[in-house]
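To start, the structure itself, in structure tokens.
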There are 2 protein chains.
Amino acid sequence: MRAAKDRSVVEDYVKVIYAHTEWQPEPITTSVLAARLGLAASSVTEMVKKLGSAGLVTHVPYGAVELTSEGIRLALRMLRRHRLIETWLVEVFAYGWDEVHDEAEVLEHTLSDRLLEAIAGQLGEPSRDPHGDPIPTADGRVLRPEAVLLRDAPEGSIGRIVRISDRDPTLLRYLLDEEITLDVELTVLGRKPFGGALAVQAGAVEHDLGEEATASIWISTGEPSPAGGVPLETS
Amino acid sequence: MRAAKDRSVVEDYVKVIYAHTEWQPEPITTSVLAARLGLAASSVTEMVKKLGSAGLVTHVPYGAVELTSEGIRLALRMLRRHRLIETWLVEVFAYGWDEVHDEAEVLEHTLSDRLLEAIAGQLGEPSRDPHGDPIPTADGRVLRPEAVLLRDAPEGSIGRIVRISDRDPTLLRYLLDEEITLDVELTVLGRKPFGGALAVQAGAVEHDLGEEATASIWISTGEPSPAGGVPLETS
DNA sequence: GGTAGAATTTCGGTGTGCCGAAAATCAAGA
DNA sequence: TCTTGATTTTCGGCACACCGAAATTCTACC
């Protein structure tokens, strides 16, 4: 009689595996998985074996762990849940960006599909969460906005902020203070000498952003509609 | 690493123990507890022993199980959560009376205090749930409306429905159809001969209600404000 | 007061996810 | 190619909530 807990554990493994490859294509190793989950390596090896038998991942011993199409489907389901819940907490309950994560981490495993879709409906089926991360549709499709890391944007380019990584809450708060938020139009002025900060202009204001910030902000130089993008996965 | 599950299990035991004595004062036995939880008697004996060490219940071997004041505090906390969530699902998401239970059963263990109280705020700190069951306050006080079972109401008495037991969803739907709902004014006309149905008048309409219904409906013959009542427990 | 039957507890055992230590495997430099 | 250090897996064990069967205790009737 452990069904509930089981599901939640499996979902967490799959979510972390997926997250690792969402913004870069390196497959994950068991030790990295263990670190991300805060578990011993031996525990992860065991569990990965079970996920393999369940058809959610492939894993050659001593090699990388990769999601099967079924695993991806589950991961996208969890991603939808997580990001919808975060959006909901921010929109309806005035949570701050940096406060939603723990609550969403729990609720993504426990809300019924019915309630989750009702919430999605009340929010107007949003296509991205407060950080700009795309929210997969209920049938497992994702539109990832075509974007470049601000760090990699060529000098002189103009773009709209479409994503800000939620890795570092401190950074989120700093950017919020500086009014560098989603959908703000940015002009890349140029890089300070000796690997220094990147000068950008937002509205009338000029900012010098360090590596930490420019590696966390994605901008889109294309059309302003969030409908654009590339289909990432299909269920 | 089993904190989450643990908590949820303990909460369920305490909730069931409390529920058993909420509307009648018989203490519960381990076998009844086991039946209500759907577990083997031996499992319950073991767990009750642990709840005892945790200071939540008292239990003399082969005797009844009773909540300590700390146990009651936890039970009221869970009752508040359960009933607030049910109210919320009905009011905000248009769930039916008979559809809220399972969802609430899960969420009562997983919503954070912060989110729960935010929901309570949005609902306007309701004092009773859709069935008329009192919602304990955040600091553990309950106002139980002074009410009598319709079955026990004297002939000729007039009263307002203040509670309808949620034990039987079929009955709830039937009563809803007949527009016998919370706050409806009822006049007890009289009992049909030979232990038959009870005739009551609601508005202009007359109903004959069987034992099942009259044992599930509570009416208040006192003042019409839901603020009246007796303090039940204090934390 | 004794005893049969019911209620309750004790006892041995299960499955799950986890851990640390030891063994196996891999990868990189000499 | 061989060795050595790092990574990964295997192995024995743990905690938890649970179960069925056996032993114990209670209760009610004679």
Side-chain angles (χ1 to χ4, degrees), chain A residues 1-17 20-21 26-67 71 74-75 78 105-106 108-110, chain B residues 1-17 20-21 26-67 71 74-75 78 105-106 108-110:
Chain A
M1 227 292 273
R2 301 282 312 290
K5 186 73 198 288
D6 289 356
R7 195 167 50 75
S8 176
V9 167
V10 169
E11 287 169 354
D12 277 340
Y13 274 80
V14 167
K15 213 182 49 170
V16 170
I17 297 169
H20 187 261
T21 47
E26 297 291 311
I28 198 170
T29 63
T30 55
S31 53
V32 172
L33 230 192
R36 286 262 199 287
L37 289 164
L39 300 175
S42 56
S43 310
V44 171
T45 298
E46 262 183 6
M47 193 63 201
V48 162
K49 210 183 300 177
K50 288 175 195 166
L51 297 183
S53 324
L56 294 170
V57 304
T58 55
H59 177 230
V60 282
Y62 297 96
V65 181
E66 279 176 285
L67 292 173
L74 177 57
M78 297 317 295
E105 204 68 20
V106 176
E108 65 187 4
H109 303 297
T110 61
Chain B
M1 225 292 273
R2 302 282 312 289
K5 188 71 198 288
D6 288 357
R7 194 167 49 76
S8 176
V9 167
V10 169
E11 287 168 355
D12 278 340
Y13 273 81
V14 167
K15 213 183 48 171
V16 170
I17 297 168
H20 186 261
T21 48
E26 298 291 311
I28 198 170
T29 62
T30 54
S31 52
V32 172
L33 230 191
R36 286 261 200 288
L37 288 164
L39 301 174
S42 56
S43 310
V44 171
T45 298
E46 261 182 6
M47 193 62 199
V48 162
K49 211 183 300 177
K50 287 176 196 165
L51 297 183
S53 323
L56 293 170
V57 304
T58 56
H59 177 230
V60 282
Y62 298 96
V65 182
E66 278 176 287
L67 293 173
L74 177 57
M78 297 317 295
E105 204 68 20
V106 175
E108 65 188 3
H109 303 296
T110 61

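- The interatomic distance linking B:Leu37 (CG) with D:dA17 (C1') rounds to 12 Å, in whole Å.
- Rounded to a whole Å, the CG atom of A:Leu39 is 11 Å from the P atom of C:dG20.
- With D:dC18, C:dT10, C:dC18 as the choices, the nucleotide that has an atom nearest any side-chain atom of A:Glu46 turns out to be C:dC18.
- Contact annotation: A:Lys50 side-chain N/O to C:dT16 OP1/OP2 distance is not under 4.0 Å.
- In the interface, the side chain of A:Ser43 is not paired with the base of C:dG17 through any donor and acceptor atom under 3.5 Å apart.
- As rounded to whole Å, 10 Å separates atom P of C:dC18 from atom CG of A:Leu51.
- For B:Tyr13 and D:dC16, the OH to P distance is 14 Å, given to the nearest whole Å.
- Within the structure, every side-chain polar atom (N or O) of A:Ser42 is placed at least 4.0 Å from both OP1 and OP2 of D:dT10.
- Taking only side-chain atoms of A:Thr29, from C-beta outward, the nucleotide of C:dC18, D:dT8, C:dA7 with the closest atom is D:dT8.
- As a whole-Å value, the separation of A:Glu11 CD from C:dG17 C1' is 16 Å.
- A:Val48 and A:Val57 get closest at one heavy-atom pair: O-CG2, 3.8 Å.
- Rounding to the nearest 0.5 Å places NZ of A:Lys15 at 12.5 Å from CZ of A:Arg36.
- Of all nucleotides listed (D:dT7, C:dT9, D:dT10), C:dT9 comes nearest to the side chain of B:Thr45.
- Considering CG of B:Leu74 and CZ of B:Arg7, their distance stands at 9.5 Å, rounded to 0.5 Å.
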Contacts under 3.5 Å, N or O only, protein and nucleotides 23-27 of chain D:
{"unit_1": "D:dT24", "atom_1": "O2", "unit_2": "B:Tyr62", "atom_2": "OH", "d": "3.4"}
{"unit_1": "D:dT25", "atom_1": "O4'", "unit_2": "B:Tyr62", "atom_2": "OH", "d": "3.2"}

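- B:Leu33 places its CG atom 15 Å from the C1' atom of D:dC18, with the value rounded to the nearest Å.
- The residue B:Ser31 sits close only to the backbone: its heavy atoms come under 4.0 Å of sugar-phosphate atoms, none of a base.
- Distance check: A:Leu56 CG to A:Ile17 CD1 gives 8.5 Å after rounding to the nearest 0.5 Å.
- The listed nucleotides are C:dG17, D:dA17, D:dT10; the one nearest the side chain of B:Met47 is D:dA17.
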For residues 26-33 of chain A, which side-chain N or O atoms pair as donor and acceptor with protein atoms under 3.5 Å away, sequence neighbours left out?
{"unit_1": "A:Thr29", "atom_1": "OG1", "unit_2": "A:Ser31", "atom_2": "OG", "d": "3.3"}
{"unit_1": "A:Thr29", "atom_1": "OG1", "unit_2": "A:Val32", "atom_2": "N", "d": "3.3"}

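- Dashed line: the shortest gap from a side-chain N or O of B:His59 to OP1 or OP2 of C:dT8 is not under 4.0 Å.
- For the pair B:Leu67 and B:Ala75, the tightest heavy-atom approach, listed with the atom from each and the gap, is CD1-CB, 4.1 Å.
- B:Asp12 contributes atom CG, which lies 3.5 Å from atom NE2 of B:His109 (distance to the nearest 0.5 angstrom).
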